[in-house]
Structure formats: structure tokens, C-alpha cells
Amino acid sequence: MRGYHDVGGKTAGPIPMEELPWMHWEKQTEALRNLLGDGTRRMVSLDELRRGFESFGADKYAKHSFYRRRLEAMIDVLIEKRVITRKELDAAIANKRLVWTEVK
Amino acid sequence: MPHDHSNVAEHDALVVEDDAGNMEGQITVDALQELLVSKGLLTHPEVTQQIARLEAPGTHLGARIIAKAWTDNNFKHSLFENAKNAVVDMGIAVGEAQLIVVENTETTHNLITCTLCSCYPRSILGQPPSWYISKAYRARAVREPRAVLAEFGLNLSDDIDLIVHDSNADMRYLVLPQPPEGHASMTTEDLESCITRDHMIGVARDC
Amino acid sequence: MSTAPHDGKRVRFNIGDVVKVKDLNKSGHVRVPYYVRNKQGRVVQFCGLFLNPEDLAIGNTAGPAIELYRIAFNQADLWPEDVLNAGDQLVLEVYTHWLEEVFDTASISP
């Protein structure tokens, strides 16, 4: 049983050479994961994060960018562990969306 | 919805966020951070500090290690014995479990990949380039590494053995390229400036 | 390549041992890629003791710590239908429970 992430040896096209900028939200995602995984919190380890995006299903995995996958996996693990609930996260996202669209 | 900028088959495309996708990412991570702060699990200043820590490492740190290995044989051997300790002794923090330095020679060339995700010596080199994370690189580097190197402009001759390292568990890798000709009379600054990220991943060979 | 530092305790494999990667058909998070399963290689380094990521991925930190080795494969053995340079190698890390020793080494290419 081969995971969709286990791509070593599969046929693929040319290497995409564009150098992408590292966006602020992507740094923030990594920062949150590092803090949540540190010695005082131990809430989301790298291993759990990987298990998280390996469990998305092929469609969700394929549609998200690398850092978005990390963010979504982290969210899944936090919800699984009842650190947060989907409902309160959705509410927080709705609030933030208002803030950001006002700023625009 | 993300859309890809590349012209390869859809299933191979590098998924790149467009403006809307980046906005979604920003909104989502801000919401998550706010929620976690409200629960007392972290503070905003901690996150800011952690971001600064993530931004600090880069090619310059790797170049310092390589240049030192070129000029100090004892240091070079200490890298092969226990690279993490040797690098920490230089004053560079290493967050990974262990670092392995693999040396290019006249007859050997090393290439690093992580087929399962994107493992990379981030605490030294910073974030990996997008191509390193791409499905195309991860899929092909282990199976047709010479063709991959050719795409980077490196045509490895047949009398050089190519060793690919798949960084799949707890070790992280750094390639020690061969020093440039005349390196013995070059300054540290000049040595460091000829070492690029691509040399330390293995998609470039000559410094 | 030198051996990783360890305190001299006996480890399961020695450098140079010929081993085969088992296919444990395990579901869940594993770090052994599909392309090396059932392939034979040789031990080139003992990396030390680590907690098993298969357990850590589901939050189980109880251990025990297990041995991690770097195994080198001839690329020609990994991709037999491809045309490859005979000296090209692939090296990756495999935890001990995925490895079995191969005793009939006559069948292994050098």
C-alpha cells in the first residue's frame, strides 16, 4: 500500500525551476509548528504533521501548496487532540476575513 | 484556488498559491494564532521571535562550514566523525538530530533529496528551494539523477560515480564540494563566496 | 564513511553486512519508501538510536528507541529495467525492524 506522498521513482516532468518567495504566512505557519512542537508544549510533532498530510487523501494533498498542507495538517492534529475545535477556528477565520478585507 | 505557473502536466505541477490563495493562507494562520494565544498556548512576541529565528539561517552558514573544511583538515575530519558537534563548536546552532556531510571527489558526486516530503538541513541552510520540494525533483532524483543534474546544467561524466542520498529519516545532509583550483591562496571571504546553496544540495559541482 | 558515535554497545548490523529491506505492509506513517522495499543493499553506517516515527506519528512516545542504519544500494539493483551507470548508488536510512540479514551473498552484485 503506497502513500500518494511516496513518489520516489515515479515518472514526472521537468523540474520547475522558478524560485518562489517565502511568504509571511508561510513563515508564520512554520513558526507556529515549531512552537507547538517544542519541549514545553509537545502538541504537534513533525511526525504527527507528516502523518497529517499523508492522511488528507490524494485530492486534498494535490490541491494545496506545500505550506498550506503544513498548515492544514497542523490544524487537523490540533482538532484531533481537542486543543481547538473546528467551530471556533471557523469563527476565528470569519473574523479575520473581515479584518483583512477591510484593510484591502 | 491555487493555479500553477509551470507548463508541465497537471499532475506534476508545482502548486503555487495565487493572491487569493495567499490571502486564505494569511487569514487562516492569523486566525489559528489568535485562537492559540487566546488559549494561553503561545504569545504573539514568541511567534515574532520564532519567525526571526527561521529567517536567520541561510546559504552563508553552510558556506562557512564548507570553507572551513577546505582550509582545516582537522575540522574536515571532525565533520565526518560528528558533523553536528563540529558545526555547533563553530557557533552555528543545529536543530536537526544529526548532520551528515558527504564529500565530492574526483570520482564521486553526491546529490541530496527527500522523496517522502522535504527534509533539508533548515537550521543551517534555511528553507529549501521550491524545486527541491517539487514532486518532479523528489520523484526523479532517485531514479534518473543524471538527467535531473543535466536540467541544472550539470552534465556528469561517466567516470564519476553519482551517489544519491534520500533524506528519509533522522539524518540531514550537506554536500562538501571539491575546493576550487588555487583555493590554498584564496581568502576565507573569497572561498565562502564561491559556495552556493546548489553546491551543498548537489545540483552544482564546480565552485 | 565513519561510524556514527555510539558507546560501543553491540548493534545488530556491522558495516558491510548485506541486508534486505522487508515490506512490512504497514499502514499509517512509515519512512521506508516504496522503491527500496524488497531490495538488497549493504550497511554503510550505524546512525544511532531513535524513537520510531511510526509510533511518534500517532503520539506514542513510550519507545523503545530503535536502531537506524544507512543502507547503500546499487542503482542498477533498484531500477533493473533502466540503463544506468554501474557505479551509481543510492543511500538512505532504514530502521532495524525493516531490515533482515542476507546470508546467501553470492547472488548480490558487488
Side-chain angles (χ1 to χ4, degrees), chain A residues 3 5-20 22-36 38 41 43 46 49-50 53-54 62-72 74-75 78 83-84 88-97 99-101 104, chain B residues 1-2 4-6 8-9 11-17 21-36 38-39 41-42 46-51 53-55 113 115-118 122 126-127 129-131 133-143 148 151-152 166 168:
Chain A
H5 65 289
D6 187 352
V7 300
K10 286 188 173 176
T11 307
I15 313 292
M17 293 294 187
E18 65 257 58
E19 299 270 351
L20 296 173
W22 196 22
M23 305 299 289
H24 181 79
W25 71 265
E26 294 172 332
K27 298 179 189 181
Q28 213 174 329
T29 297
E30 294 299 291
L32 288 185
R33 208 300 307 170
N34 285 359
L35 290 169
L36 290 172
D38 78 4
R41 282 162 276 236
M43 283 180 175
L46 273 177
L49 196 77
R50 292 179 188 127
F53 57 70
E54 289 164 19
K63 89 169 187 204
H64 283 317
S65 64
F66 174 74
Y67 289 100
R68 188 60 190 268
R69 291 201 297 263
R70 308 269 276 198
L71 179 54
E72 293 298 329
M74 177 166 47
I75 287 170
L78 289 170
V83 177
I84 62 174
E88 60 187 354
L89 180 63
D90 286 347
I93 288 172
N95 279 339
K96 282 296 170 184
R97 195 184 303 288
V99 169
W100 277 99
T101 49
K104 274 173 74 179
Chain B
M1 277 300 284
D4 68 86
H5 297 278
S6 68
V8 300
H11 68 280
D12 289 347
L14 186 66
V15 177
V16 182
E17 301 291 349
N22 280 318
M23 181 59 76
E24 276 309 297
Q26 188 65 71
I27 287 169
T28 307
V29 75
D30 274 353
L32 179 63
Q33 181 170 330
E34 198 72 53
L35 196 49
L36 294 170
S38 75
K39 290 174 185 285
L41 291 168
L42 31 89
E46 269 188 308
V47 179
T48 305
Q49 189 182 58
Q50 186 63 221
I51 290 175
R53 287 215 186 104
L54 286 169
E55 290 171 329
T113 183
T115 61
L116 297 175
C117 48
S118 72
R122 284 172 168 79
Q127 295 304 297
S130 348
W131 55 258
I133 299 172
S134 71
K135 182 199 164 182
Y137 182 76
R138 288 162 46 218
R140 295 175 55 213
V142 291
R143 184 159 190 170
V148 168
E151 286 184 30
F152 283 91
D166 187 354
N168 65 312

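Computed from a predicted model, the values in this text were never measured in an experiment. In the text below, chain A, chain B and the rest are named by the order of the sequence lines, each starting its count at 1.
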Spacing of A:L35 atom CG and B:L36 atom CG [to the nearest 0.5 Å]: 10.0 Å
Name the region of A:L46, side chain, backbone, both or neither, that has any atom closer than 4.5 Å to a heavy atom of chain B. neither
Please lay out, stage by stage, how A:I84 and B:L32 fare under the test side chain to side chain contact (heavy atoms under 4.5 Å, CB included). CA-CA 9 Å; A:I84 62 174; B:L32 179 63; 3.8 Å; yes
Write down the atom of B:A136, the atom of A:G13, and the distance for their closest heavy-atom approach. CB-O, 3.5 Å
Could you tell me whether the side chain of B:Q26 reaches within less than 4.5 Å of the side chain of A:M23, counting heavy atoms only? no
Can we say A:R68 and B:E17 salt-bridge, meaning some charged N sits less than 4.0 Å from an Asp/Glu carboxylate O? no
Interchain contact, B:L116 with chain A, by part (heavy-atom threshold 4.5 Å): both
Would you sort out whether A:N34 and B:R53 count as a side chain to side chain contact (heavy atoms under 4.5 Å, CB included), showing the intermediate values? CA-CA 11 Å; A:N34 285 359; B:R53 287 215 186 104; over 6 Å; no
Interface moiety of B:E34 toward chain A, non-hydrogen atoms closer than 4.5 Å: side chain
Hey, what do you get for CH2 (A:W22) to CG (B:L54), rounding to the nearest 0.5 Å? 4.5 Å
Is it the backbone or the side chain of B:L35 that comes under 4.5 Å from a heavy atom of chain A, or both, or neither? side chain
Part of A:L71 lying under 4.5 Å from any heavy atom of chain B: side chain
Atom of A:M43, atom of B:L41 and distance for their closest heavy-atom approach: CE-CD2, 3.5 Å
CD-CD distance between A:E30 and B:Q127, expressed to the nearest 0.5 angstrom: 5.5 Å
Part of B:Q49 lying under 4.5 Å from any heavy atom of chain A: neither
Once you round to the nearest 0.5 Å, how far does CG of A:D38 lie from CD of B:E46? 7.5 Å
For a side chain to side chain contact (heavy atoms under 4.5 Å, CB included) check, start with the C-alpha distance between A:V99 and B:I27, then their side-chain angles and the critical distance, and finish with the verdict. CA-CA 9 Å; A:V99 169; B:I27 287 169; over 6 Å; no
Between A:K10, A:K27, A:Q28, who has the most heavy-atom pairs with chain B when the cutoff is under 4.5 Å? A:Q28
Using every non-hydrogen atom in the two residues, find where A:F53 and B:C117 come nearest and quote the distance to one decimal. CZ-CB, 4.1 Å
Less than 4.5 Å to any heavy atom of chain A: does that hold for the side chain of B:T113, its backbone, both, or neither? neither
How long is the straight-line distance from CE of B:M23 back to NZ of A:K96, given to the nearest 0.5 Å? 12.5 Å
Does any backbone or side-chain atom of A:N95 lie under 4.5 Å from a heavy atom of chain B? Answer side chain, backbone, both or neither. neither
Which atoms of B:V142 approach chain A - backbone, side chain, both or neither, heavy atom under 4.5 Å: side chain
With a 4.5 angstrom heavy-atom cut-off, which part of A:R97 approaches chain B: side chain, backbone, both or neither? both
Verify side chain to side chain contact (heavy atoms under 4.5 Å, CB included) between A:R69 and B:V15, making sure each step is shown before the conclusion. CA-CA 11 Å; A:R69 291 201 297 263; B:V15 177; 5.7 Å; no
So how far is it from B:N22 CG to A:S65 OG, rounded to the nearest 0.5 Å? 7.5 Å
Counting heavy-atom pairs under 4.5 Å with chain B, the top scorer among A:I15, A:I93, A:L32 is A:I15
Closest non-hydrogen atom pair between A:F66 and B:S118, with its separation: CZ-OG, 3.1 Å
Are the side chains of B:E24 and A:W25 in contact, using a 4.5 Å heavy-atom criterion? no
Under the 3.5 angstrom rule, does the side chain of B:S130 hit a backbone N or O of A:L20 as a donor-acceptor pair? yes
